[in-house]
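Input: a single structure, listed below in structure tokens.
If you read the sequence from its start, that first residue is 1, and numbering goes on from there.
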Amino acid sequence: MTLEQTITQIPGPQAKAMEQAKKRWDTIAKPLDSLGLLEEAVVRIAGLTGDSGYRIDKRCVAVLCADNGVVAQGVTQTGSEITALVAENLTRGESCVCRMARMAHCDVVPVDIGICTDVDAPGLWQCKVAYGTEDIALRPAMTRQQAVQALETGIGLVARLKEQGYQLIATGEMGIGNTTTSSAVAAVLLGQPVEVVTGRGAGLSTGGLHKKIQVIRQAIERHRPDPEDPVDVLCKVGGYDIAGLAGLCLGGALYQVPILLDGMISAVAALCALRLCPASQCAMVASHVSAEPAGAMLLQALGLKPMITAGMRMGEGTGAMAALPLLDMAYDIYHAMSTFDDIHMEGYTHQE
């Protein structure tokens, strides 16, 4: 199935299931709408899946790992070799997201979608599109064909994970330099000046930040990505991790698997998916708002509200892992708590 065919088959939310889920919340013995965004998340997931009794007992975080040629411009503290090192640590359960995932009863699925070397580590899913992107300061990041391949890879990952029984997929990424590429994509899609959407990433100095802004601006001016064409934006200034995550969002909508978004990079990818197919928004649940400058702007553009505001900007899927226990609490109340009828109490009614 081609990318265009996939997009045309995404159905959008199912109103009946959303109404059933909302009715269930209104019968539970508590003030109406009192759990706010937690209630909304359950209703949203019911609409995506068409099942008001849906559960998220088996879940994973897919951590897409890829390198970015722009690292050669000195926009990061560390070199690209760290991507491979962290990818291997992910397979060993030794990264931040792994520890948080254990607490959240969530499996970690590390994926090589574009690491610049071969990483021979058991448990690393091999989905490499290419050995890293080109240096966007000099050349387009990838060909259009490679961008489409990365998008289709993300869609395919959802199909594979659903076949394995996963009921929710959280997004994660790892790739030195990917706050540079994601800031570039954000600047184009949001129509914002580069300096407004670009942050320090993994702790750049003020001088390093100025260099990063200069490089992104140079890349956009040189390649002129079309903001009306998300694939063009991805292939000119994006990264394989971003394109793959966008594919995850599209795949979640196609295969009716909720996608719990992590931070800024995941939100950039989600915005690419939304611009490709507005119906894909029904699959997206925002975990937190990133402390990166573009974090709140991206969620606003997506029409999503975050469950957590904690000043996080770690990546890897850590923000999504922090939100999973909140969703678990919501689902426990939704499925198991007494109703007004159970305790022989007159229910609340919606007031104007």
Side-chain angles (χ1 to χ4, degrees), residues 64-87 96 113-117 130-142 147 173-227 232-243 245 262-269 271-272 289-298 311-316 318-319:
L64 274 57
C65 305
D67 278 304
N68 303 280
V70 73
V71 169
Q73 296 296 321
V75 294
T76 59
Q77 274 200 36
T78 57
S80 293
E81 69 278 0
I82 301 302
T83 303
L85 176 63
V86 176
C96 288
I113 194 169
I115 302 175
C116 65
T117 60
Y131 288 90
T133 62
E134 299 289 337
D135 181 351
I136 61 172
L138 305 175
R139 294 173 294 278
M142 63 191 85
E173 38 61 39
M174 174 58 210
I176 301 302
N178 62 5
T179 62
T180 298
T181 52
S182 57
S183 295
V185 174
V188 175
L189 294 182
L190 294 174
Q192 292 288 337
V194 173
E195 63 272 15
V196 171
V197 298
T198 305
R200 296 177 185 270
L204 282 177
S205 65
T206 299
L209 175 59
H210 290 160
K211 173 68 172 177
K212 182 177 179 180
I213 291 169
Q214 177 187 357
V215 167
I216 296 171
R217 188 179 291 124
Q218 175 183 334
I220 294 172
E221 291 174 353
R222 180 185 292 266
H223 307 308
R224 299 188 179 279
D226 181 0
D232 187 63
V233 178
L234 286 168
C235 72
K236 287 180 176 174
V237 296
Y240 293 119
D241 50 352
I242 300 172
L245 291 171
D262 188 38
M264 176 204 171
I265 296 165
S266 294
V268 166
L271 187 56
C272 290
V289 57
S290 170
E292 285 288 299
M297 288 182 280
L298 288 163
M312 297 177 69
R313 53 182 180 84
M314 171 70 200
E316 290 187 12
T318 51

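Separating the CD1 atom in Ile176 from the CD1 atom in Ile115 is a distance of 11.0 Å, to the nearest 0.5 Å. To the nearest 0.5 Å, the span separating CG on Leu298 from CG on Leu190 amounts to 5.0 Å. Note that the CE atom of Met174 and the CG atom of Asp67 stand 8.0 Å from one another [nearest 0.5 Å]. Here the straight-line distance linking atom OG of Ser266 with atom CD of Glu316 works out to 11.5 Å at 0.5 Å rounding. Rounding to the nearest 0.5 angstrom, the gap separating the CD atom in Glu173 from the CG atom in Asn178 is 5.0 Å. The distance from the CD1 atom of Ile136 to the CD atom of Gln73 is 9.0 Å, given to the nearest 0.5 Å.
Side-chain contact between Ser182 and Ile242 is present, with at least one heavy-atom pair separated by less than 4.5 Å. Looking only at side-chain heavy atoms (C-beta outward), Thr198 and Pro293 stay at 4.5 Å or farther from each other. Residues Gln77 and Ser205 are not in side-chain contact: their nearest non-hydrogen atoms beyond the backbone lie 4.5 Å or more apart. Taking the side chain as every heavy atom from C-beta outward, Lys211 and Leu204 never approach each other to under 4.5 Å. With a 4.5 Å cut-off on side-chain heavy atoms, Ile82 and Leu85 count as touching. Inter-residue side-chain proximity for Arg200 and Thr206 is flagged as met; some heavy-atom pair is nearer than 4.5 Å.
Proximity of a side-chain donor or acceptor of Asn68 to a complementary backbone N or O of Val70 within less than 3.5 Å is not detected. Without hydrogens or angle criteria, Thr133 side chain to Gly69 main chain gives a donor-acceptor distance under 3.5 Å. Judged by distance alone, the side chain of Arg313 and the main-chain N or O of Gly201 form a donor-acceptor pair under 3.5 Å. Here the side chain of Arg222 pairs a donor or acceptor atom with the backbone of Ala137 at under 3.5 angstrom.
Counting all heavy atoms, side chain and backbone alike, Val75 lies closest to Val215 at CG1-CG2, 3.9 Å. Minimum heavy-atom separation, Ile220 to Pro225: O-CD, 3.6 Å. Of all heavy-atom pairs between Cys96 and Thr318, the closest is CB-CG2, 4.1 Å. In terms of heavy-atom proximity, Gly319 sits nearest to Asp262 at N-OD1, 2.8 Å. Pairing each heavy atom of Gly175 with each of Thr83, the nearest pair is CA-OG1, 3.7 Å. Here the closest non-hydrogen pair linking Ala243 and Ala147 is CB-O, 4.2 Å.
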Could you go through Lys212 and Thr179, starting from their C-alpha distance and side-chain angles, then the distance that decides it, and tell me whether this counts as side chain to side chain donor-acceptor pair (under 3.5 Å)? CA-CA 10 Å; Lys212 182 177 179 180; Thr179 62; 2.8 Å; yes
Name the atoms and distances for all side-chain donor-acceptor pairs under 3.5 Å in residues 233-240, with sequence neighbours left out.
from, atom 1, to, atom 2, distance (Å)
Lys236, NZ, His223, O, 3.3
Lys236, NZ, Asp232, OD1, 3.3
Lys236, NZ, Asp232, OD2, 3.3
Tyr240, OH, Gln146, OE1, 3.2

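For Arg224, the CZ atom sits in a loose shell: 12 or fewer heavy atoms of surrounding residues, nucleotides or ligands are nearer than 6.0 Å.
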